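Since the model is a prediction, treat every value here as computed from it, not as a measurement. Letters go in sequence order (proteins before strands), and every chain restarts at 1.
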Number of protein chains: 2
Amino acid sequence: MTKIDDVARLAGVSTATVSRALRGLPTVSAATRRRVLAAAEQLQYAVSPSASRLAGGRTGTVAVVVPRITRWFFGTVVESVEEFLHQSGYDLLLYNLGGREQTRQRVLRTASLHKRVDAVILVATPLRPADVAALTKLEIPGVTISSGSGVPGWPCVRIDDVAAARTATRHLLDLGHTRIAHISGDPDDELAFTTHLDRRRGYQEALRAAGLRADPSLDVESRFTIDGGNRATAELLARGEPPTAIFAACDEMAMGAMTALRDAGLRVPQDVSVIGIDDHDLAGVLGLSTIAQPAAEQGLLAARILLDPLGARSADPYAGQVPRPRTDGDQPAAPVILPTRLVVRESTAPPRAH
Amino acid sequence: MTKIDDVARLAGVSTATVSRALRGLPTVSAATRRRVLAAAEQLQYAVSPSASRLAGGRTGTVAVVVPRITRWFFGTVVESVEEFLHQSGYDLLLYNLGGREQTRQRVLRTASLHKRVDAVILVATPLRPADVAALTKLEIPGVTISSGSGVPGWPCVRIDDVAAARTATRHLLDLGHTRIAHISGDPDDELAFTTHLDRRRGYQEALRAAGLRADPSLDVESRFTIDGGNRATAELLARGEPPTAIFAACDEMAMGAMTALRDAGLRVPQDVSVIGIDDHDLAGVLGLSTIAQPAAEQGLLAARILLDPLGARSADPYAGQVPRPRTDGDQPAAPVILPTRLVVRESTAPPRAH
DNA sequence: CTGAAAGCGCTTACAG
DNA sequence: CTGAAAGCGCTTACAG
């Protein structure tokens with residue numbers, strides 16, 4: 001493998017100059033830079049990341065932690081984060097927690113992130129005090145996406161979950177429903193973060209604002225998955241008289257609910273209306289009404305907040321000159337809240353008796 | 001930050017011994033190892049990956065390249081690969097091509113993978129000769145998942161796409177259909193790999209075996225996405241008399257087809273039957289008949305084939321002793337083919353006239 | 001604008 | 001089983 005010495009020799013300069021020229025540092029004369037680039041090109045030189053990291057102290061890598069990459073929201077976030085990161089010259093180290101507590105601890109608490117990445121993006125990751133302490137000790141910048149416990153000094157990008165849930169519930173109320181069930185995340189579920197608490201609160205607030213009382217028998221906890229929605233709905237139906245509408249805390253749960261309703265011989269929306277939150281890729285196919293949230297935008301914004309402070313990457317193909325992640329101290333205190341929007345499709349309609 | 005010298009001093013040994021003890025090498029006495037581990041624990045020592053990589057020449061990292069992480073198959077594959085890799089002590093560098101030719105070239109052809117990873121897993125990534133040359137020059141082991149052009153010396157894990165398509169088509173034939181349309185990948189589509197060619201072949205073979213001729217007007221090309229399926233079906237319907245059944249090359253296309261049919265006022269399966277390939281998470285919710293393929297298993301198997309040769313990771317929390325990727329030379333020549341299975345749901349039925 | 005030299009923090013023959 | 005020492009391939013003050 002060619003190394004920097006070979007390039008230096010061919011270009012007739014020192015390795016220091018090669019290093020500077022290739023990284024696009026301004027302190028190199030145009031003529032020298034040209035010679036260095038030509039030499040590097042000719043030798044097909046590629047810098048050794050390990051050596052560069054050890055000497056320079058920067059890894060050019062960002063860790064992205066998600067609960068489950070296969071869920072719509074997380075996949076969509078990762079996709080947009082990945083694009084921005086790679087455009088900016090950063091690599092993406094993926095950590096998929098998969099609901100395994102052990103994995104969460106290994107990633108978050110041990111030093112597995114230590115010296116391995118320059119920054120961290122945590123997507124809807126539940127954080128215990130010990131996790132926060134460990135992350136803080138890492139002394140690297142980070143961003144969290146989605147609500148819940150954050151890390152002091154780290155910006156947060158999310159939607160207003162309470163408001164989204166309120167809007168969804170109000171849509172059902174406006175249609176004339178009064179027996180509105182809610183299916184949402186299990187507090188013991190690692191995937192759920194605290195999002196489900198906010199969404200339940202929005203549901204209850206909307207009911208209260210309409211002069212209704214939240215009926216505990218219409219509130220079922222389950223996982224934030226298709227299967228979770230399916231089970232929760234089956235449980236709901238087993239409890240007796242079905243509700244005339246179901247507000248699911250996410251679209252995947254709503255889809256599970258649709259399946260359970262169909263299996264029970266109930267039609268959507270004639271017998272039961274269903275609404276979710278997300279605007280999942282397949283919401284349109286299923287005719288699912290929902291509260292759309294901008295997933296890709298949240299990912300993009302988080303990545304940008306993390307990297308922007310130091311400007312964009314040089315266009316030079318050899319540039320190691322990448323934006324440095326923002327450091328503690330210049331963080332916005334308030335979370336960045338992105339807007340949501342009601343999307344009415346075929347799964348919601350007035351109750352039959354209406 | 002504590003470094004290896006600090007641990008060596010506290011344990012009263014050389015840095016070489018610390019290095020060996022922490023990595024679980026056998027050439028360390030039990031007593032010494034104990035002392036080293038205690039010292040490391042006490043100082044909360046964590047090895048510097050950059051230094052370790054530079055000195056040792058191994059990165060402990062595997063690159064995983066996918067067309068689009070948001071598509072069901074790729075997300076599912078990545079999830080299982082991620083779990084196995086992290087269990088084995090490897091990090092996962094994610095590359096999401098996103099259908100951008102420029103990105104594909106940057107990742108595959110430039111030296112961006114060079115010295116950055118120990119191995120590569122390519123999922124359904126279209127490969128031009130120049131890409132194959134660049135990958136070969138990397139001189140690192142790799143595995144490809146999904147059919148199509150491979151890399152010489154790299155094992156391949158996939159399903160039999162021709163057979164899967166044949167089974168899907170035959171299911172429709174068995175129900176009595178004779179006007180069977182096919183919607184599949186566009187050859188210019190970077191996402192499509194060569195999978196769509198195999199699936200079209202299976203479709204044509206099944207028709208021929210039934211004494212039917214493939215009608216070009218019933219064969220529409222489009223992207224392997226929901227929207228692709230939607231457009232292809234709209235195009236199909238615009239061509240005149242609708243088919244009585246549609247075989248979509250993947251479930252996402254099938255879902256798009258269902259939407260297009262509904263929008264055209266056609267019922268599934270009464271007016272048109274629909275079948276796909278995948279057994280997508282939501283196939284059940286939509287009642288979609290399909291050919292199930294084991295996505296997670298393909299990922300797991302690929303990761304295992306890549307890493308297994310050197311055995312499993314030590315249980316030691318400090319172990320850097322991770323399985324070394326298999327090297328060229330001991331590759332199985334034939335691809336590993338995983339089984340598929342017909343799953344009949346509600347989207348397929350005999351044609352009405354039947 | 002450029003170079004000589006130290007140093008980043010490990011691992012690996014080599015010797016014992 | 002253990003240690004001294006070289007070396008991995010860069011970047012970064014420092015000096016000019």
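- The base of D:dG9 does not come close enough to the side chain of B:Arg53 for any donor and acceptor atom to sit less than 3.5 Å apart.
- A donor-acceptor pair is defined here as one N or O able to donate and one able to accept, closer than 3.5 Å; no such pair exists between the side chain of A:Thr70 and the backbone of B:Thr76.
- Residue contacts shown for B:Ser50 are absent, as no nucleic acid heavy atom lies under 4.0 Å away.
- With rounding to whole Å, A:Lys3 atom NZ is found 10 Å from D:dG7 atom P.
- Atom-to-atom, CZ of B:Arg34 to C1' of D:dC1 comes out at 15 Å; the value is rounded to the nearest Å.
- Counting only distance, with no hydrogens or angles, the side chain of A:Arg23 and the backbone of A:Ser19 share a donor-acceptor pair below 3.5 Å.
- As rounded to whole Å, 16 Å separates atom P of D:dG9 from atom CG of A:Leu22.
- Residues B:Ser50 and A:Lys115 share a closest heavy-atom pair of OG-O, 4.3 Å.
- Each of A:Ile4 and A:Arg20 lies near DNA chain D, and the nucleotide nearest A:Ile4 is the one positioned closer to the 5' end.
- The CG-P distance, from B:Asp5 to C:dC10, rounds to 7 Å in whole Å.
- Here the side chain of B:Arg53 pairs a donor or acceptor atom with the backbone of B:Thr59 at under 3.5 angstrom.
- Contact annotation for A:Ser48: backbone-only contact, meaning every heavy-atom pair under 4.0 Å involves sugar-phosphate atoms and none involves a base.
- Rounded to an integer number of Å, the gap from A:Arg116 CZ to C:dC10 C1' is 14 Å.
- Along DNA chain C, the nucleotide closest to B:Gly56 and the one closest to A:Ala16 are compared, and the more 5′ of them pairs with A:Ala16.
- Remark: B:Arg35 is not in phosphate contact with D:dC1, judged by side-chain N or O atoms under 4.0 Å from OP1 or OP2.
- Closest to the side chain of A:Tyr45, from the set C:dG3, C:dC8, D:dC10, is D:dC10.
- For the pair B:Ser14 and D:dT2, the criterion of a side-chain N or O lying under 4.0 Å from OP1 or OP2 is not met.
- Checking the phosphate oxygens (OP1, OP2) of C:dT11, no side-chain nitrogen or oxygen of B:Thr15 falls inside 4.0 Å.
- Taking atom CZ on B:Arg23 and atom P on D:dC1, their separation rounds to 16 Å, with Å as the unit.
- Between B:Thr32 and B:Ala51, the one whose closest nucleotide on DNA chain D sits nearer the 5' end is B:Thr32.
- Which of C:dT11, D:dG9, C:dG3 sits closest to the side chain of B:Ser52 comes down to C:dT11.
- The residue B:Thr27 sits close to a base: some heavy atom pair falls under 4.0 Å.
- The residues A:Asp6 and A:Arg9 are annotated as salt-bridged, a charged nitrogen and a carboxylate oxygen being separated by less than 4.0 angstrom.
- Atom P of nucleotide C:dT12 and atom CG of B:Leu25 are separated by 8 Å, given to the nearest angstrom.
- Regarding A:Asp6, its CG atom lies at a distance of 14 Å from the C1' atom of D:dC8, rounded to whole Å.
- In this structure, B:Thr125 contributes its side chain and B:Val123 its backbone to a donor-acceptor pair below 3.5 Å.
- In this structure, B:Ser80 contributes its side chain and B:Ala296 its backbone to a donor-acceptor pair below 3.5 Å.
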| Which dot-bracket string fits DNA chain C when only Watson-Crick or G-U wobble pairs with both atom distances under 3.5 Å count, crossing pairs get [ ], and | stands for a partner on a different strand? | |||.||||||||.|||
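- The side chain of B:Thr17 places no N or O atom within less than 4.0 Å of a non-bridging phosphate oxygen (OP1 or OP2) of D:dT2.
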| request: Decide yes or no on side-chain hydrogen bond (donor to acceptor under 3.5 Å, both in side chains) for A:Thr15 and A:Asp5, but give the supporting numbers first. | output: CA-CA 6 Å; A:Thr15 60; A:Asp5 308 74; 5.7 Å; no
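- Remark: B:Arg58 is not in phosphate contact with D:dC8, judged by side-chain N or O atoms under 4.0 Å from OP1 or OP2.
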